[in-house]
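Quick notes on the structure that follows.
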Amino acid sequence: MIEKEQRRLRMGVLGCGPIAQFAHLESCAKARNADLYAICDAAPDLLARMGATYEPQKMFGDYDAMLADPELEAVIIATSDAYHVPMSIKALDAGKHVLCEKPIGVSVEEGEMLAAAVKRSGKVLQVGHMKRFDPALEAARDFVRDDIGQIFAMKAWYCDSTHRYTNTDAVQPLPITSKLAKKPSGNPKADLRQYFMLAHGSHLVDTARFFCGEIVAVRARLLERAGAYCWFVETEFANGALGHLDLTVAVRMDWHEGFQLYGENGSVTAKTFNPWYFRASEVDIFVEKDATSRRPLGADGHFFRRQVEGLADTVLNGAPMRGANVEDGIASIRAMVAIARSVETGNRVELASVTGAV
């Protein structure tokens, strides 16, 4: 049991659907430096069920009413992608800090609107790229940042599995749903190219940036076959390193995610698990100078709770942000838009030149 700190960030969760139930509500309840102060959902039956389960101090059926509560300090946006930017801007304009699920938006222009709102508000916005809080990946990032020297190349892959839901249904509680849930006007899964890129590609792109820095250009190909979508993306990083990103949904095998990174003073290999196992990645860090390798255990694999604690540390104590900020979120959108444009044209696309939606 994690010991609670005396001063804790008062969090509100917008949306009580599956992602909130599987990740965010529990994270706020368990966090050492945050409390689940309030929850908000447009479906009264779902709101009542989650309120009875998690016992927040306040429950709201209206988002504006929750934001008007002076005791509320931060909001987690746990809604459909289409609501991420407008709901985040509302929270920022109300003087609240924000943890927004990824991706922060579906277009470059949306991301820039959100960045302007962050700057205007002076509040903290963190994007829910929770893999940055995988303790084994953090150890690998420290080695890459401090000791690896010049990076040559990174090969990274994110391959969802045809057996993914069979695996997760065995370990997750049955989500509580409501016929009264508020949904976007359009079906997010109507365009599977866009849906898979936003849902899965955002993770792959952010992992690449977390270790290798800015992506400046991509050249991508997409194969659609037998119901699967496979993107192969040649990637150029600002530091001169080369990258190859493989996004495949879905492979006929177990969940397959990880990377290999080659540098001047060593290498890193990583195997990342289905996130709902709450298991840190298996990371091998090879150090060239003494030809040894080490594997950090990363026993605390609750990345969702750890990202809440990271936000709270930044807000309450002024700690440097460990998670992704709004500029990281925009960079992810730009990379995904560039991949989409490259697939359409067959050309190399520079991220700085892209506009529009994924």
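Along the sequence shown, residues carry numbers from 1.
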If we only count heavy atoms from C-beta on, is the Asp169 to Arg164 side-chain gap below 4.5 Å? no

Which value, rounded to the nearest 0.5 Å, describes the distance between His97 atom NE2 and Lys123 atom NZ? 4.0 Å

Is the closest side-chain donor-acceptor distance between Ser281 and Asp134 under 3.5 Å? yes

If you count heavy atoms of other groups shown closer than 6.0 angstrom to CD of Glu109, is the number above 12? yes

I'd like to know if the side chain of Asn239 and the backbone of Cys212 have a donor-acceptor N/O pair within less than 3.5 Å. yes

For the pair Arg209 (side chain) and Ile215 (backbone), establish whether a donor and an acceptor sit closer than 3.5 Å, ignoring hydrogens and angles. no

Would you check if the side chain of Arg32 reaches a backbone N or O of Lys4 as a donor-acceptor pair within less than 3.5 Å? no

Is Arg221 salt-bridged to Glu234, cutoff N-O under 4.0 Å? no

Would you call Lys131 and Glu257 a salt bridge, using N to O less than 4.0 angstrom? yes

Check whether Tyr83 reaches the backbone of Lys183 with its side chain - one donor and one acceptor, N or O, closer than 3.5 Å. yes

Sidechain N-carboxylate O distance under 4.0 Å for Asp93, Arg120: yes

For the backbone of Arg305 and the side chain of Ser27, can you confirm whether one donor and one acceptor N or O come within less than 3.5 Å of each other? yes

Examine distances only and state if a side-chain atom of His256 and a backbone atom of Val251 form a donor-acceptor pair shorter than 3.5 Å. no

Between Arg348 and Glu350, is the closest basic N to carboxylate O distance under 4.0 Å? yes

Within 45° of the six-membered ring axis of Phe273 and under 6.0 Å from that ring's centre, is NZ or CZ of Arg279 located there? yes

Quick check, are the ring centers of Trp276 and Phe304 under 6.0 angstrom apart? yes

Pairwise ring-ring contact (aromatic ring centres under 6.0 Å, His included) hits with a residue in residues 163-196, at least two apart: Phe196-Tyr229

Under 3.5 Å, is there a donor-acceptor pair between the side chain of Thr345 and the main chain of Asn347? yes

Backbone of Phe303 reached by a side-chain donor or acceptor of Gln307 within 3.5 Å: no

Using a strict threshold of under 4.0 Å (side-chain N to carboxylate O), is an ion pair present between Glu236 and Arg219? no

May I ask you to list the residues sharing a hydrophobic cluster with Leu9, side-chain cutoff 4.5 Å, ordered by chain and number? Met11, Val13, Leu25, Leu36, Ile39, Leu46, Leu47, Met50, Tyr54, Met59, Ile76, Leu99, Val124, Ile176, Val308, Leu311, Val315, Leu316, Met321

Say whether, by atom type as modelled, one donor and one acceptor occur between the side chain of Ser121 and the main chain of Ala117 under 3.5 angstrom. yes

Do Asn33 and Asp313 pair up side chain to side chain, a donor and an acceptor below 3.5 Å, judged on atom types alone? yes

Check the side chains of Glu101 and His24 for a donor-acceptor pair under 3.5 angstrom, ignoring hydrogens and angles. yes

To the nearest 0.5 Å, how far apart are CG in Asp146 and CD1 in Ile148? 11.0 Å

Is there a path from Ile77 to Ile19 through hydrophobic residues (I, L, V, M, F, W, Y) whose side chains come within less than 4.5 Å of each other? no

Pair Glu26, His302: side-chain N/O donor-acceptor within cut-off below 3.5 Å: yes

Can any side-chain N or O of Arg10 pair as donor or acceptor with the backbone N or O of Tyr37 at less than 3.5 Å? no

Whether Arg334 and Glu112 form a salt bridge (side-chain N of Lys/Arg under 4.0 Å from carboxylate O of Asp/Glu) is what I want to check. yes

For the student: nearest non-hydrogen atoms of Ala115 and Glu327, plus distance: CB-OE2, 4.0 Å

Check the hydrophobic clustering (I, L, V, M, F, W, Y; side-chain heavy atoms under 4.5 Å; chains of links allowed) and say if Val144 and Trp157 are grouped together. no

Asp45 versus Ser178, side-chain donor and acceptor atoms under 3.5 Å: yes

Is there a donor-acceptor contact under 3.5 Å linking the side chains of Tyr158 and His200? yes

